[in-house]
Amino acid sequence: MQIYEGRSVSKGIAAGRINVYKKNSRQVKRVKITDAKAEIARFEEAKVQAVKQLQALYDKALCEVGASTAAIFEVYQMIVEDDQYNDSIKRMIRTRQVNAEYAVASAGADFAQMFASMDDDYMKERAADVRDISERVISVLDKTGSGQETAEEPFILAADDLTPSETVQLDKELVLAVVTVHGSLHSHTAILARTMGIPALVGTALPLDDAIDGRFGIVDGASGKIYVDPDEQTLAEMKIKQKEELERKELLLKLRGRENVTLDGKKVMLYANIGNIKDLAAAVQNDADGIGLFRSEFIYLEKDRYPTEEEQFQIYKQAAEAMAGRRVIIRTLDIGADKQCGYFEMEKEENPALGCRAIRICLTRPNLFKTQLRALFRASVYGEIAIMYPMITSVWEVKRIREIAALVKAELAEQGMKFGEPEQGIMIETPAAALVSGELAKESDFFSIGTNDLTQYTLAVDRQNTKLDPFYDPHHPAVLRMISMAVESAHRAGIPVGICGELGADQTLTREFLAMGVDELSVSPENILPLRKIILETNVQEYRAGK
Ligand code: PEP
Ligand code: MG
């Protein structure tokens, strides 16, 4: 047994095979097979097809570009016939009982790595050839498909780091836990893992090689450990812990259907943060009063082109309908900083977190903004949608947004399209917004405090930089004062105020937020019932008096 320790991003226990995510290579699904002989035959057949394709390419290249350039395809053929390459693929299929696609991807990546680490420049360049040929064999295999009864095995995902767009493209049904070598506690990837409710660790010195890939592991999100090939005693201990966790969850489920009212009668809304319509199920299951933050940018991150108005409309409509009259606050796109979309073709920036991000993109590319607003206004006919604007710093921005929104409504009316009148609120996630929250409140229907960015910008600490984790302190009095200031401004103007940053789920602060008068907390679905329990047990007046 080996134990690797990291920092916990999301609690829970998960057990399963470890799947090492290889960057820049096609992410091939690992599937458990039952008939290794048949799988090896599939590989052999795919190889014959690949060699035929390469021969055709060689012939074409010979005519078009001459023998010396065409020779590359001869090298490819040599690789695909190479004994060592073939043996390692077949061995992997036999001993690990994995599908041919996975074995080719895995062995191909190891071979490519071996070439890349050679001193000889010619040999180094062969690494790309190995990757290329492996891709070709996999694409032949993909088309033929496995005839076997295969069940895709859920797995523990191990990676160096994951970008938000890589995280959203994962097949979440299959990911049991996420363990990364890098990555900060406050990154969007960490937030996504919490939203998905799966155990996750960052900063774990797990070797991401063949020695780990495919081995059995247990992730303990609470202690921040991953056990590789756990011994009997650890297995037994983890089983007990898992059982206790389940019991705790069941106990909390008894709170379903209860209102979130304090002992002295203050009612608070508990909403869920989601990144995807698939997360709606968890929100409903955990009895969310609504959705407090739908991070719509993930719709953009999942695609390699701009989502159309119709595609967005269908998603927002589905969210509104699924929540059946409960409030769904959809945040307009917050692309930029760590959430990069290639097709946005943004210029490279020295300081992306202080750069063209979120509302700044929308205000400089009004057509892009209008497409999203049209979809939101149209979808709001089907439920209680509210629109929320991120990264606000100034009153003029909100005024400009309102003008664009009015234009969108006028256009929809002219075209005879149905649309609703959703509330429009803003995020308070910059110190500027907190400081001018009095003025902003007059232009907004509600506030939602984004404590993740508010902490980053107030303390001047990059939330992505894991080395700065000790300095990233959302409990800092400066941050708490900003929150309190925003709450007071909202109430003075008679509008509600919530918290949708990760701090909203911090149980050590729940009473403090209640005392400040926060009207709503929006948290990852699994945090809703634990917070309900605290609210039901709190007397706000007494807490205030005892401070
Ligand atoms: C925040 O900044 O607190 C927030 C909720 O937005 P995000 O984490 O998506 O930047
Ligand atoms: Mg933010």
Side-chain angles (χ1 to χ4, degrees), residues 9-10 163-165 167-168 183-196 200 270-276 279 290-302 328-341 352-362 386-393 397 425-434 437 446-465 472-476 478-480 482-483 486-487 497-506 509 513 518 520-525 527:
V9 165
S10 179
T163 63
S165 58
T167 315
V168 285
S184 97
L185 296 175
H186 318 288
S187 64
H188 282 97
T189 305
I191 292 172
L192 277 171
R194 278 195 285 273
T195 307
M196 284 152 64
L270 285 176
Y271 289 168
N273 288 349
I274 62 167
N276 195 298
D279 301 332
I291 303 299
L293 169 62
F294 181 161
R295 289 181 162 96
S296 74
E297 59 273 14
F298 288 112
I299 300 169
Y300 294 72
L301 286 166
E302 275 168 353
V328 179
I329 303 179
I330 302 178
R331 172 173 79 183
T332 56
L333 67 90
D334 186 5
I335 294 290
D338 62 321
K339 288 179 282 196
Q340 293 292 340
C341 252
L354 304 179
C356 202
R357 179 185 166 184
I359 206 65
R360 298 173 186 176
I361 297 182
C362 291
I387 308 177
M388 178 159 78
Y389 303 108
M391 280 296 288
I392 298 295
T393 54
E397 291 165 338
I426 63 165
M427 290 192 69
I428 301 290
E429 53 180 346
T430 62
S437 52
F446 63 90
F447 280 170
S448 187
I449 305 172
T451 52
N452 310 334
D453 279 315
L454 188 60
T455 306
Q456 151 164 275
Y457 296 124
T458 303
L459 304 182
V461 174
D462 178 0
R463 67 193 261 192
Q464 290 295 117
N465 187 342
Y472 183 98
D473 175 17
H475 287 223
H476 192 294
V479 178
L480 296 178
M482 294 264 175
I483 296 173
V487 175
V497 53
I499 297 180
C500 63
E502 295 298 290
L503 200 64
D506 186 330
L509 284 174
F513 292 147
V518 169
E520 166 243 306
L521 295 170
S522 190
V523 296
S524 51
N527 282 312

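Since the model is a prediction, treat every value here as computed from it, not as a measurement. Order of appearance sets the numbers: ligands from 1, and atoms from 1 within every ligand.
- Those atoms of ligand 1 with a heavy atom of G501 less than 4.0 angstrom away are 3 (O), 5 (C).
- Side-chain contact between S522 and E520: present, with at least one pair of heavy atoms (C-beta onward) separated by less than 4.5 Å.
- Heavy-atom distances between R463 and ligand 1 reach below 4.0 Å in at least one pair.
- Each of the following atoms of ligand 1 lies closer than 4.0 Å to a heavy atom of L293: 5 (C).
- With a 4.5 Å cut-off on side-chain heavy atoms, I359 and I392 count as touching.
- Judged by distance alone, with hydrogens and angles left aside, the side-chain atoms of Y457 form a donor-acceptor pair with the main-chain N or O of A353 at under 3.5 Å.
- In terms of heavy atoms, T458 sits closest to P431 at OG1-CG, 3.6 Å.
- Using a 4.0 angstrom heavy-atom cutoff, M427 counts as in contact with ligand 1.
- No N or O atom of E297 sits closer than 3.5 Å to an N or O atom of ligand 1.
- Residue contacts with ligand 1, taken as heavy atom pairs separated by less than 4.0 Å, do not involve N273 at all.
- The backbone N or O of I335 sits nowhere less than 3.5 Å from a side-chain atom of E297 that would complete a donor-acceptor pair.
- Taking every heavy atom of K339 and a limit of under 4.0 angstrom, the matching atoms of ligand 1 come to 9 (O).
- Using a 4.0 Å cut-off between a side-chain N of Lys or Arg and a carboxylate O of Asp or Glu, R295 and D334 do not qualify as a salt bridge.
- The minimum heavy-atom distance between S10 and A193, with the atom names listed, is OG-O, 4.0 Å.
- T430 places no side-chain N or O within 3.5 Å of a backbone atom of L454 that could act as its donor or acceptor partner.
- Those atoms of ligand 1 with a heavy atom of T451 less than 4.0 angstrom away are 3 (O).
- Those atoms of ligand 1 with a heavy atom of I191 less than 4.0 angstrom away are 8 (O).
- Contact of the N452 side chain with the L503 side chain is not registered, since no non-hydrogen atoms from C-beta on lie closer than 4.5 Å.
- Among protein heavy atoms, atom 7 (P) of ligand 1 sits closest to H188 NE2, 3.3 Å.
- Electrostatic pairing of E502 and R194 counts as a salt bridge here, judged by a charged N lying under 4.0 Å from a carboxylate O.
- A distance of 12.5 Å separates CD1 of I330 from CG of L333, quoted to the nearest 0.5 Å.
- Partners of R463 according to the salt bridge (Lys or Arg N to Asp or Glu O under 4.0 Å) rule, which considers only residues two or more places apart in sequence or in another chain, are D453.
- On a distance-only criterion, E502 and ligand 1 share no N/O pair closer than 3.5 Å.
- Less than 2.8 Å away from the Mg ion (ligand 2), the protein contributes these N/O/S atoms: E429 OE1, D453 OD2.
- Taking every non-hydrogen atom of D453 and a distance limit under 4.0 Å, the qualifying atoms of ligand 1 come out as 1 (C), 2 (O), 3 (O), 10 (O).
- Residue contacts with ligand 1 include R357, since one or more of its heavy atoms lies under 4.0 Å from the ligand.
- Atom 6 (O) of ligand 1 has its closest protein heavy atom at R331 NH1, 2.9 Å.
- The two residues I191 and H186 have their closest heavy-atom pair at CD1-O, 4.2 Å.
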